[in-house]
Amino acid sequence: MGRFHRHEDGTVHDHEHEHEHGDHSHYGTGAQRVEVLESIFAENDLLAEANRKAFDSCGVRAVNLMSSPGAGKTTILQATLDELAGDFAIGVIEGDIATDLDAAKLAGRGAQISLLNTGNGFGGECHLDAPMVDRALRGLDLPALDLVVIENVGNLVCPAEFDVGEHAKAMVYSVTEGEDKPLKYPVMFRSVDVVLLNKIDLVPHLDADVDTYIEHVRRVNAAAEILPVSARTGAGMAAWFGWLRRFAETPPA
């Protein structure tokens, strides 16, 4: 999947053409691959809409939480469940390539958990797609829930390209990743509604300037809310909890 990406108008581009200078013998194969990818995206989007209708019919709001590996999604989700599970009935779709380590960290915090390992029958995909989420929903009592958080596989590229039926996209971006990531990986940053700039407690120990991180996010996404937080110390987390409360309380369209 890394050689393909989907533009905002829905078209699929094959990077293979860029590397076959002067050799037109593979262009047919490339075109066929693009057609296949377009078909995959189209089928995904149909099922994503079905997932969204399932959420809406049950009065459930769904957010797709994305990040690179190690940015702090699960730690933030732990704190989120500790704060909000008493006020909202929350379900979590826990996406990972392998293991139940993150799901185990979330257990016992008042949420329904549906584990989805992409290495089990899904080819070890580096992202969740709508069919995977459809399967994971069968592990949740959806009518009993108010909010579903879909913790996507840790990856800064592919997850942003797949609509899984969510109503909003959020991402965790750690200061330890470097200020350049919004510029190097604009697709994800451009797609999200809120960015949690995590691990700000480490700023005094790093060559990091929070204003520069925010400026680089703004270059690719002028509309997203940017919330500097520390999942470890709790700094700034009230703003995230507030955003999520407002989101959960918004009636389905």
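FYI, side chains are in, hydrogens and waters are out, and symmetry mates aren't considered; it's all heavy atoms of this structure. Since this is a predicted model, take the numbers as computed values, not measurements.
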Do any N or O atoms from the side chain of N51 and from the backbone of E166 form a donor-acceptor pair under 3.5 angstrom?
no

Check whether any side-chain heavy atom of P131 sits under 4.5 Å from a side-chain heavy atom of N44, and report yes or no.
yes

Side-chain donor/acceptor of Y213 to backbone N/O of V175, under 3.5 Å
yes

Of all the heavy-atom pairs spanning A168 and F247, show the shortest one and how long it is.
CB-CE1, 3.5 Å

D87 and R245, any side-chain heavy atoms less than 4.5 Å apart
yes

Taking C-beta and beyond as the side chain, do V63 and D193 meet within less than 4.5 Å on heavy atoms?
no

Quiz: residues 66-81 side-chain donor-acceptor pairs under 3.5 angstrom, not counting sequence neighbours:
residue: S67; atom: OG; partner: K73; partner atom: NZ; Å: 3.1
residue: S68; atom: OG; partner: E177; partner atom: OE1; Å: 2.5
residue: T74; atom: OG1; partner: D102; partner atom: OD2; Å: 3.3
residue: T74; atom: OG1; partner: E151; partner atom: OE2; Å: 2.6
residue: Q78; atom: NE2; partner: K105; partner atom: O; Å: 3.3
residue: T80; atom: OG1; partner: I76; partner atom: O; Å: 2.7
residue: T80; atom: OG1; partner: W240; partner atom: NE1; Å: 2.8

Assigning hydrophobic clusters by single linkage (Ile, Leu, Val, Met, Phe, Trp, Tyr; side-chain heavy-atom cutoff under 4.5 Å), is L65 placed with L156?
no

With side chains defined as the heavy atoms from C-beta onward, is the minimum distance between F189 and H216 less than 4.5 Å?
no

Going from CD on E94 to CG on L128, what distance comes out if it is rounded to the nearest 0.5 angstrom?
9.0 Å

Identify all side-chain donor-acceptor contacts of residues 227-235 below 3.5 Å with residues at least two apart in sequence or on another chain.
residue: S230; atom: OG; partner: D201; partner atom: OD1; Å: 2.7
residue: S230; atom: OG; partner: R232; partner atom: N; Å: 3.4
residue: S230; atom: OG; partner: T233; partner atom: N; Å: 3.1
residue: S230; atom: OG; partner: T233; partner atom: OG1; Å: 3.0
residue: R232; atom: NE; partner: D201; partner atom: OD2; Å: 3.0
residue: R232; atom: NH2; partner: D201; partner atom: OD2; Å: 3.1
residue: T233; atom: OG1; partner: A235; partner atom: N; Å: 3.3

Consider only side-chain heavy atoms of I, L, V, M, F, W and Y, link residues closer than 4.5 Å, and tell whether Y185 and L197 are in one cluster.
yes

How close do T176 and L206 get, counting heavy atoms only, and between which atoms?
CG2-CD1, 4.2 Å

Side chains of F88 and E249 in contact at under 4.5 Å (non-hydrogen atoms)
yes

Are V133 and I97 linked, directly or through other ILVMFWY residues, by side chains that come within less than 4.5 angstrom of each other?
yes

Which atom of L116 lies closest to which atom of A136, heavy atoms considered:
CD2-CB, 4.3 Å

Between F55 and M132, is there shared hydrophobic-cluster membership here, with clusters defined by ILVMFWY side-chain heavy atoms closer than 4.5 Å?
yes

Backbone N/O of T250 and side chain of R61: donor-acceptor pair under 3.5 Å:
yes

If you take all heavy atoms of L140 and G91, which pair is closest and at what distance?
CD2-CA, 4.4 Å

How many angstroms lie between CD1 in I200 and OG in S174, if you round to the nearest 0.5 Å?
11.0 Å

Between atom CG of D100 and atom CG of L115, what is the distance when rounded to the nearest 0.5 Å?
6.0 Å

Measuring only between side-chain heavy atoms, which start at C-beta, is V157 closer than 4.5 Å to V187?
no

Identify the two heavy atoms, one from A48 and one from D163, that lie closest to each other, and give their separation to 0.1 Å.
CB-O, 3.2 Å

If every non-hydrogen atom of E83 is compared with every non-hydrogen atom of F241, which pair is closest and at what distance?
CG-CD1, 3.4 Å

Within 6.0 angstrom of D141 CG, more than 12 heavy atoms from elsewhere:
yes

Side chains of L244 and L147: does their closest heavy-atom pair fall under 4.5 Å?
yes

Separation between CG (L47) and CZ (R52), nearest 0.5 Å, reads 10.5 Å

Cluster overlap L196 with V210, hydrophobic side-chain contacts below 4.5 Å
no

Strictly below 4.0 Å, N to O, side chains only: are K53 and E49 in salt-bridge contact?
no

To the nearest 0.5 Å, atom CD of E179 lies from atom CD of E215 at 9.0 Å

Value rounded to 0.5 Å, distance of CZ in R109 from CG in D82:
4.5 Å

